[in-house]
Q: 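Please read through the structure below; I'll follow up with questions.
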Amino acid sequence: MAGLVEFRLFLSMYALSLIFQILTTGSFLRQTSTALVVLTAIHLGIVAALGWALIANGLVSLQWVEDGTISSLAPFWGLTIAFFVATLYISLDTAFGWTSAFGPSNPPIAQKNIALFVLTSIWPAAAAAIFLIIMMVVILRILRERRPVGFYISAFLLFAVAQVIYFAVSRYICTASKAKVDGSLIATVLETGSIVMLFVGWKSITEESWEEPWYSN
């Protein structure tokens with residue numbers, strides 16, 4: 001029902017994003033350094049690509065195409081790479097001012113970039129909502145089950161709370177902890193919990209297929 005190959009790729013991408021999250025938010029690199037700018041741009045590219053990878057997993061669950069085949073993997077990789085490259089370029093162009101299209105904010109201290117905000121904040125949230133709707137259709141209308149619904153709603157709620165903490169509560173947490181903890185750490189933990197719930201939900205709707213030979217590889 002849900003593609004093993006596609007879901008593995010999604011999990012691998014998320015694990016990769018965590019590595020870049022640690023590198024870019026930790027104190028490993030000097031602020032404003034070129035290395036930090038490039039790593040941050042790569043991280044943002046992965047975040048945007050994850051949005052499509054999530055939706056692609058939902059579409060595969062509808063069984064419009066056979067999971068793990070070229071018909072499924074070609075659009076999966078094609079749009080994943082497209083989102084990654086587009087976001088990477090916009091991030092680097094914004095940082096280094098290669099063109100005036102995505103250049104620094106005016107004034108620079110405003111630190112605003114509409115394209116990046118859409119690709120790294122609005123788009124992931126929209127992708128999560130679209131994925132939830134698709135999975136509700138799959139579970140309730142196609143599989144006619146109830147138990148997995150709770151797992152997917154829990155995953156969505158954890159993601160939503162993570163975004164609220166990151167964007168609305170982060171500075172208060174940072175102030176209260178005297179800069180020892182900020183919202184990004186808590187948001188990352190909640191997002192990882194969301195991924196865990198996705199795995200539990202995926203497992204619950206695919207367990208009948210686990211004895212098939214391709215699930216044992």
Q: Determine, stepwise, if the pair R144 / I139 fulfils side-chain contact (heavy atoms from CB on, under 4.5 Å).
A: CA-CA 6 Å; R144 299 187 181 279; I139 295 169; over 6 Å; no
Q: Excluding sequence neighbours, so at least two apart, what forms side-chain hydrogen bond (donor to acceptor under 3.5 Å, both in side chains) with S154?
A: none
Q: Report yes or no: do L36 and I42 belong to one cluster of Ile/Leu/Val/Met/Phe/Trp/Tyr joined by side chain heavy-atom distances under 4.5 Å?
A: yes
Q: With sequence neighbours excluded, tell me which residues meet salt bridge (charged side-chain N to carboxylate O under 4.0 Å, His left out) with R146.
A: none
Q: Could you state the interatomic distance from CG (L23) to CG (L18), rounded to the nearest 0.5 Å?
A: 11.0 Å
Q: For E6 and S72, test the side chains for any donor-to-acceptor distance below 3.5 angstrom and give the result as yes or no.
A: yes
Q: Determine all donor-acceptor pairs shorter than 3.5 Å in which one atom belongs to a side chain in residues 81-92; sequence neighbours excluded.
A:
residue : atom : partner : partner atom : Å
T87     : OG1  : F83     : O            : 2.8
S91     : OG   : T87     : O            : 2.8

Q: Below 4.5 Å, heavy atoms only, C-beta onward: do I205 and M135 meet side chain to side chain?
A: yes
Q: Show the atom names and distances, to 0.1 Å, of all donor-acceptor pairs under 3.5 Å that link a side chain in residues 125-132 to residues at least two apart or in another chain.
A:
none

Q: Judged by atom type as modelled, is there a donor-acceptor pair below 3.5 Å linking the side chain of S121 to the main-chain atoms of V118?
A: no
Q: Same hydrophobic cluster for W98 and L119, using side-chain heavy-atom links shorter than 4.5 Å among ILVMFWY?
A: yes
Q: Please report the interatomic distance CG(L185) to OG1(T25), rounded to the nearest 0.5 Å.
A: 8.0 Å
Q: Could you measure the distance from the CD1 atom of I165 to the CD1 atom of I186? Nearest 0.5 Å is fine.
A: 5.5 Å
Q: Would you say V37 and F96 make side-chain contact, with heavy atoms under 4.5 Å?
A: yes
Q: Should D67 and V5 count as side-chain neighbours, where that means a heavy-atom distance under 4.5 Å?
A: no
Q: List the atom of E145, the atom of L140, and the distance in Å for their closest heavy-atom pair.
A: O-CD2, 3.3 Å
Q: Taking C-beta and beyond as the side chain, do V65 and L59 meet within less than 4.5 Å on heavy atoms?
A: no
Q: Tell me which donor-acceptor pairs under 3.5 Å the side chains of residues 191-200 have, and how far apart each pair is, sequence neighbours excluded?
A:
residue : atom : partner : partner atom : Å
E191    : OE2  : Q163    : NE2          : 2.8
T192    : OG1  : Y14     : OH           : 2.9
T192    : OG1  : T188    : O            : 2.8
S194    : OG   : A155    : O            : 2.7

Q: Look up atom CD1 in I122 and atom CZ in F117, then write down how far apart they are to the nearest 0.5 Å.
A: 4.0 Å
Q: Can you tell me which residue among F10, F7, F159 is in a side-chain contact (heavy atoms from CB on, under 4.5 Å) with L54?
A: F10
Q: Below 4.5 Å, heavy atoms only, C-beta onward: do W202 and L4 meet side chain to side chain?
A: yes
Q: Working to the nearest 0.5 Å, report the span between OG1 of T24 and CG of L44.
A: 8.0 Å
Q: Any chain of hydrophobic side-chain contacts (each under 4.5 Å) joining M136 to I55?
A: yes
Q: Ignoring hydrogens and angles, tell me if any N or O in the side chain of E66 forms a donor-acceptor pair with the backbone of Q63 under 3.5 Å.
A: no
Q: The criterion is side-chain hydrogen bond (donor to acceptor under 3.5 Å, both in side chains); which residues satisfy it with T40, sequence neighbours excluded?
A: none
Q: Taking I142 as the starting point, is it possible to reach I134 by hopping between hydrophobic residues whose side chains are less than 4.5 Å apart?
A: yes
Q: For the CH2 atom of W52 and the CG atom of L79, what is their distance to the nearest 0.5 Å?
A: 5.0 Å
Q: If two hydrophobic side chains count as joined below 4.5 Å and joins carry through other members, does L190 share a cluster with Y166?
A: no
